[in-house]
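First comes the structure, then the notes that go with it.
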Amino acid sequence: MSFKSAMLEDLEVRGLIFQKTHDELDEALAEGPITLYCGFDPSADSLHIGNLLGICVLAHFRRHGHNPVALVGGATGLIGDPSGKSEERNQLSEEVLQKNLEGISNDLRKCLDRALEMHPETLGDVSRDEIPIVNNADWMKPWSFIEFLRDVGKSFRVNAMLAKDSVKTRLEEREQGLSYTEFSYMLIQAYDFLHLFKEHGCRLQVGGSDQWGNITAGTELIRRTTGDSAFGLTFPLITSASGQKLGKTEKGATYLNPDRNSPYEFYQYWVNREDADCERFLRMFTFMPHDEIDELASIIERGENRGDVQRRLAHEVTWLVHGKEEADKAVRASKMLFGEKIEGMTDRDLQSIFADVPSTSIERGRLESGIGILDLITETGLRGSKSDARRLVQDGGAYINNEKVDGLDHVVDTAQLASESMLVLRAGKKKYHVLAVE
RNA sequence: GGUGGGGUUCCCGAGCGGUCAAAGGGGCCAGACUGUAAAUCUGGUGGCUACGCCUUCGAAGGUUCGAAUCCUUCCCCCACCA
């Protein structure tokens with residue numbers, strides 16, 4: 001398939017087109033910059049990796065010179081989108097919602113701005129204007145129920161609503177059912193589109209493939225009330241090559257907010273992607289030139305990947321979400337946390353690298369006179385008993401500053417500090433503990 | 001209420017007088033290999049002042065030089081009968 005617009009061409013290559021409402025979108029995009037939007041659900045105080053694709057799609061549009069608008073669902077968040085949900089959602093209190101709105105607006109703004117500082121070689125002619133972040137509560141709240149039913153509800157056929165996938169699936173699962181509240185959700189999202197169309201000249205809504213029903217409800221409403229046509233475009237639902245949902249780990253979702261998941265954890269999420277996912281993810285989530293991605297892909301194809309491709313991917317995405325400085329730090333921390341000898345560091349460095357690692361402080365005097373390794377391992381809680389600690393050392397699984405402890409009678413003293421006042425103990429491959437003298 | 005079977009270490013499960021800190025498997029912990037993956041392989045898996053000692057086999061008593069193993073009582077599970 002060939003496109004007139006560079007924009008759709010690019011999205012196609014990136015694998016980001018799932019469905020679009022009509023092909024005229026291509027012409028519209030070729031003619032010049034258009035305004036488009038994507039909505040984000042305030043179900044938590046931070047977005048997570050599952051939301052990242054929407055951000056990236058907006059960013060791709062922005063880098064092509066179009067004008068994205070981000071919508072946060074201050075109104076819809078009070079209702080709950082039934083799309084793709086098997087059960088009725090818990091309603092959020094106004095207070096929590098407010099906090100969530102601030103959190104995700106913050107995430108959105110940062111990412112969308114950083115998207116412009118990356119890869120100038122693929123950056124088009126763009127506007128540096130601040131991206132509008134709008135809240136649908138601002139225009140939904142003033143409506144009275146009666147007025148909304150008369151003005152907006154009139155344009156919806158229940159038959160059509162019932163036919164939508166999001167509604168149909170829920171009704172078929174009789175156990176769950178669907179509240180009137182959630183059933184009405186699509187009216188609000190449809191009205192959002194109409195509102196943005198009128199007020200911001202917004203002609204395109206993008207979203208995940210599960211949003212198709214809500215998006216087309218919007219384009220229909222615009223056609224009925226104004227006679228104009230607006231567009232919808234969805235991107236595919238992303239799963240890993242092995243079928244895992246994007247962003248999910250054993251511990252749950254990985255969030256964009258550094259207070260929830262540190263930049264290091266975020267970076268690690270991407271480092272741990274399978275080979276088979278790397279090329280796709282590089283295209284979707286980074287702004288690297290395609291020939292550069294081709295090159296990385298060929299490394300994997302030749303079977304020569306030693307994790308470099310993942311590290312490259314991780315650095316790019318971490319930069320987008322947490323900034324370059326944090327991304328670089330995550331790279332350094334990863335080296336330390338995966339075996340590189342720790343020495344000649346400052347307390348500050350160690351503190352930031354091992355921020356999430358448990359630590360114990362100890363009196364300077366005790367360390368000066370030396371502490372047996374077995375005592376140290378039990379006191380720091382790395383092992384629960386001395387017998388257990390003994391086994392660890394015998395197995396060769398005990399490390400100080402990433403150097404293997406040589407024997408059971410090893411004595412630790414101040415000479416082994418890796419920085420002014422800290423040293424790093426390790427049990428096995430991953431379990432770290434920071435010891436600090438006070 | 002009656003009869004039969006059973007409660008073993010993190011879990012499952014063998015053991016039925018000394019050779020039992022207790023087979024085997026799972027899990028877990030390490031190590032090797034590797035790319036911070038998976039798989040595989042190796043070792044370990046009650047505690048301690050450690051070639052020895054102490055505490056563990058539902059609970060409490062008892063027999064015995066010696067008990068997870070035998071006896072008594074109690075508690076709890078399961079099956080069948082009423």
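The sequence lines fix the lettering, A, B, ..., with proteins before strands; numbering per chain opens at 1.
In terms of polar N and O atoms assigned as donor or acceptor, the side chain of A:R390 comes within less than 3.5 Å of the base of B:A50 in a complementary pairing. Between the side chain of A:Q310 and the base of B:U36, no donor-acceptor pair under 3.5 Å is found.
Atom C1' of nucleotide B:U36 and atom CG of A:N305 are separated by 12 Å, given to the nearest angstrom. Rounding to whole angstrom units, CG of residue A:N272 and P of B:A38 are separated by 9 Å. A straight line from CD of A:Q394 to C1' of B:U42 spans 16 Å, rounded to a whole angstrom. B:U36 atom P lies 12 Å from atom CG of A:D275, rounded to whole Å.
A salt bridge links A:R62 with A:D113: at least one charged nitrogen is closer than 4.0 Å to a carboxylate oxygen. With respect to A:E368 and A:R364, a salt bridge is recorded, a charged nitrogen being found less than 4.0 Å from a carboxylate O. Using a 4.0 Å cut-off between charged side-chain N and carboxylate O, A:E279 and A:R283 make a salt bridge.
The pairing partner recorded for B:U69 is none, the criterion being a Watson-Crick or G-U wobble arrangement whose two distances lie under 3.5 angstrom. B:C33 makes up no base pair with any nucleotide shown, lacking Watson-Crick or G-U wobble contacts both under 3.5 Å. The base-pairing partner of B:C74, taking Watson-Crick or G-U wobble contacts with both distances under 3.5 Å, is B:G58. Across all strands shown, B:U45 pairs with B:G27; the Watson-Crick or G-U wobble distances both stay below 3.5 Å. Taking a pair to require two hydrogen-bonding distances under 3.5 Å in either a Watson-Crick or a G-U wobble arrangement, B:G1 pairs with B:C81. B:A38 makes up no base pair with any nucleotide shown, lacking Watson-Crick or G-U wobble contacts both under 3.5 Å.
Taking the P atoms as reference points, B:U55 lies 43 Å from B:A38, given to the whole Å. Distance noted for atom P between B:G24 and B:U45: 12 Å (whole Å). Nucleotides B:C65 and B:U73, compared at atom P, are 24 Å apart to the nearest Å. Of the P atoms belonging to B:A68 and B:C16, the separation is 14 Å, rounded to the nearest Å. On the P atoms, B:G27 is 33 Å away from B:G17, given to the nearest whole Å. To the nearest whole angstrom, the two C1' atoms, one in B:A21 and one in B:A67, are 15 Å apart. Between B:C71 and B:G2, the two C1' atoms lie 24 Å apart (nearest whole Å). The C1' atoms of B:C10 and B:A79 are separated by 28 Å, rounded to the nearest whole Å.
By the side-chain hydrogen bond (donor to acceptor under 3.5 Å, both in side chains) test, A:Y432 pairs with A:N402, sequence neighbours left out. Looking at residues two or more places apart in sequence or on another chain, you find a side-chain contact (heavy atoms from CB on, under 4.5 Å) between A:D275 and A:I300, A:N305, A:Q310.
With rounding to the nearest 0.5 Å, the separation of CD in A:Q205 from OG1 in A:T234 is 10.5 Å.
The number of heavy atoms from other shown groups lying within 6.0 Å of CD (A:E121) is above 12.
Side-chain atoms of A:W270 and A:E316 form no donor-acceptor pair, as typed in the model, at a separation below 3.5 Å.
If you find the closest nucleotide of RNA chain B to A:R311 and to A:K386, the one lying nearer the 5' end belongs to A:R311.
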Contact letters for nucleotides 25-31 of chain B, in which S counts primed atoms plus P, OP1 and OP2 and B counts the base, heavy atoms under 4.0 Å: ----SSS
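Backbone-only contact: A:S385 has heavy atoms under 4.0 Å from sugar-phosphate atoms and none from a base. Using a 4.0 Å heavy-atom criterion, one finds that A:E274 contacts no nucleic acid atom at all.
Using the six-membered ring where Trp is involved, A:H22 and A:F231 have ring planes that are tilted, between 30° and 60° apart.
Taking the O4'-C1'-N9-C4 or O4'-C1'-N1-C2 dihedral as appropriate, B:C51 has a value within 90° of 0 and is therefore syn.
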